[in-house]
Amino acid sequence: MASSDKLTPVFEHIDTNRSAFLDRLIAYLRHPSISAENIGITEVGELLVKMLTEIGLETSLMPTEGHPMVVARWEKAPGKPTVLLYGHYDVQPPDPLDKWLSPPFEPTIRDGRLYARGVGDNKGQHFAQILALESHLKVHGALPCNVILLLEGEEEVGSPNIAGFVRANKDALKADLAVTADGPRHASGAAAIKFGSRGVVSFELRCRHASRDVHSGNFGGVVPNPIWTLVHLLGTMKNEAGEITIAGFEDGIEPPSPEELAAIERLPLDIEAFKGSLKLARLDAPAERPFYDRLCFRPTLTINGFHGGYGGPGTKTVLPNEAFVKCDIRLVHNQDPQDILRKVAEHVAKHAPEVEFIAADMGMQPSKTPIASPFTAPLVRAFVAAQGVEPLLIPAGFGSLPGYVFTKILGIPAFVTPYANPDEANHAPNENLTLDCFHSGIRTGAALLDELGQLQAP
Ligand SMILES: [Zn+2]
């Protein structure tokens with residue numbers, strides 16, 4: 001099935017308005033919306049409500065216990081599927097300001113890229129989706145399928161309220177699939193569709209023996225050392241072969257499907273270039289594990305930091321009295337954050353009962369949509385129509401996104417279609433989006449609606 005005749009004039013409209021759309025993105029980016037510092041969130045939420053209402057969507061700002069959600073809908077295509085488009089209007093703080101070549105909220109074009117905080121993550125990407133909707137409405141007076149647009153205001157602070165919001169508004173958010181344009185394309189620059197993401201949990205291990213630091217000679221050999229206690233405990237959690245040795249840790253993890261294995265086979269890979277880019281002598285153990293297998297299908301146990309004792313100049317013959325470790329675990333499909341934290345707690349209680357285990361409040365469930373989903377083919381065709389190339393299929397994004405609220409709470413397939421360049425420098429100074437990525441993002445969003453409009457609602 002080719003893209004419909006209705007898509008050609010929409011593409012023409014997008015191409016004709018290329019510079020006008022860029023000007024509007026620049027105007028949008030001038031408004032800071034820093035969730036962590038509660039700067040500009042309400043203003044940008046209200047700006048979006050006005051903008052989306054003007055283009056013909058029924059829009060509201062819906063409160064949560066934190067920052068509000070913008071929900072906009074157009075549901076006048078009976079019998080057609082409903083797509084939920086997700087994005088977030090909050091941005092990361094811009095620090096360190098002195099590392100920016102142009103001010104973060106004064107968008108500036110240099111060498112075919114637009115530089116501004118939030119341009120890639122995520123304003124430029126959801127604005128591309130909005131312009132795709134607007135273009136269909138301008139050209140045809142209607143959208144090819146039904147649309148619910150959900151824009152969150154606290155993704156950059158870990159989405160603390162989205163699960164509760166989606167649970168409380170299940171009926172209002174009822175859709176057949178969810179699509180998120182966020183994150184970068186594949187590292188090779190190729191377009192990609194991601195079918196889920198790894199989850200994450202964090203915890204801390206604290207050990208204290210004596211009531212104060214003591215002399216390593218006068219007390220050494222008598223007073224236990226909390227750093228050694230933690231070293232030994234950590235040694236029971238992951239061995240040198242790279243295996244995580246916490247009982248039950250991998251229970252329920254399913255081996256990848258044939259489609260998933262075939263998809264990772266096709267992902268571009270140059271291990272020597274990867275090692276060179278980080279000046280690495282080797283990859284993490286186990287040495288024989290395939291590269292993308294590690295990132296898509298395997299959980300991790302990472303020591304984020306280990307603190308205790310003396311680290312200053314010269315020597316200090318001290319026997320410290322306390323130490324602590326911070327760790328995170330990336331979770332894969334079928335691992336549950338609470339279950340994994342309970343298993344780690346049990347492991348600590350068994351191997352080092354004198355160590356305190358503290359789970360962090362924040363965490364995110366993994367999510368997965370099968371590549372065999374009936375929506376995969378239309379999504380691939382949309383990329384081909386808009387960009388002229390077949391996208392790579394990535395079974396699971398390596399980082400963590402709140403896609404589980406769609407797959408697990410709404411029970412619908414969820415896809416990530418990143419529009420940004422791989423070197424977008426999100427969360428860092430000089431965040432940027434190439435003008436081509438922005439333009440092709442609008443086209444891809446438009447083609448996606450067109451493809452979905454050729455399906456019947458399931
Ligand atoms: Zn981000």
Heavy atoms of other groups near Lys174 NZ, more than 12 under 6.0 Å: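 It does not: Lys174 NZ has 12 such atoms or fewer within range.
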
Ignoring hydrogens, what is the shortest heavy-atom contact between Phe406 and Ala414? Give both atom names and the distance.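 The pair with the smallest heavy-atom distance is CB-CB, 4.0 Å.
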
Identify the heavy atoms of Ser159 and Tyr86 that sit nearest to each other, and give their distance.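 Closest approach of Ser159 to Tyr86, heavy atoms only: OG-OH, 4.4 Å.
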
Say whether, by atom type as modelled, one donor and one acceptor occur between the side chain of [X] and the main chain of [Y] under 3.5 angstrom.
X	Y	result
Glu451	Leu448	no
His347	Lys343	no
Asn169	Phe165	yes

Taking the side chain as every heavy atom from C-beta outward, state whether Thr369 and Ile412 have any pair of such atoms under 4.5 Å apart.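 The answer is no, as the side chains (C-beta and beyond) never meet within the 4.5 Å cut-off.
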
Face-on cation placement of Arg206 at Phe324 ring, 6.0 Å and 45° thresholds: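 Positive - Arg206 is close enough to the ring of Phe324 and near enough to its axis.
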
Tell me whether the guanidinium CZ or amine NZ of Arg185 lies under 6.0 angstrom from the six-membered ring centre of Tyr419 and within 45° of its axis.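 Cation-pi check for Arg185 and Tyr419: fails.
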
May I have all residue pairs that pass side-chain hydrogen bond (donor to acceptor under 3.5 Å, both in side chains) and include part of residues 396-409, sequence neighbours excluded?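 Every side-chain hydrogen bond (donor to acceptor under 3.5 Å, both in side chains) pair that includes a residue of residues 396-409, provided the two are not neighbours, is Arg330-Ser400, Gln365-Lys408.
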
Please tell me whether Phe219 and His209 form a close aromatic pair, meaning their ring centres lie under 6.0 Å apart.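 Ring centroids of Phe219 and His209 are no less than 6.0 Å from each other.
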
Could you tell me how the ring of Phe398 sits relative to the ring of Tyr292: parallel (under 30°), tilted (30 to 60°) or perpendicular (over 60°)?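 Phe398 and Tyr292: tilted rings.
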
Which of parallel (below 30°), tilted (30 to 60°) and perpendicular (above 60°) describes Phe357 and Phe203?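 Tilted: the ring planes of Phe357 and Phe203 meet at 30° to 60°.
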
Enter the distance from Glu260:CD to His333:NE2 here, rounded to the nearest 0.5 Å.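 Taking CD in Glu260 and NE2 in His333, the distance rounds to 8.5 Å.
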
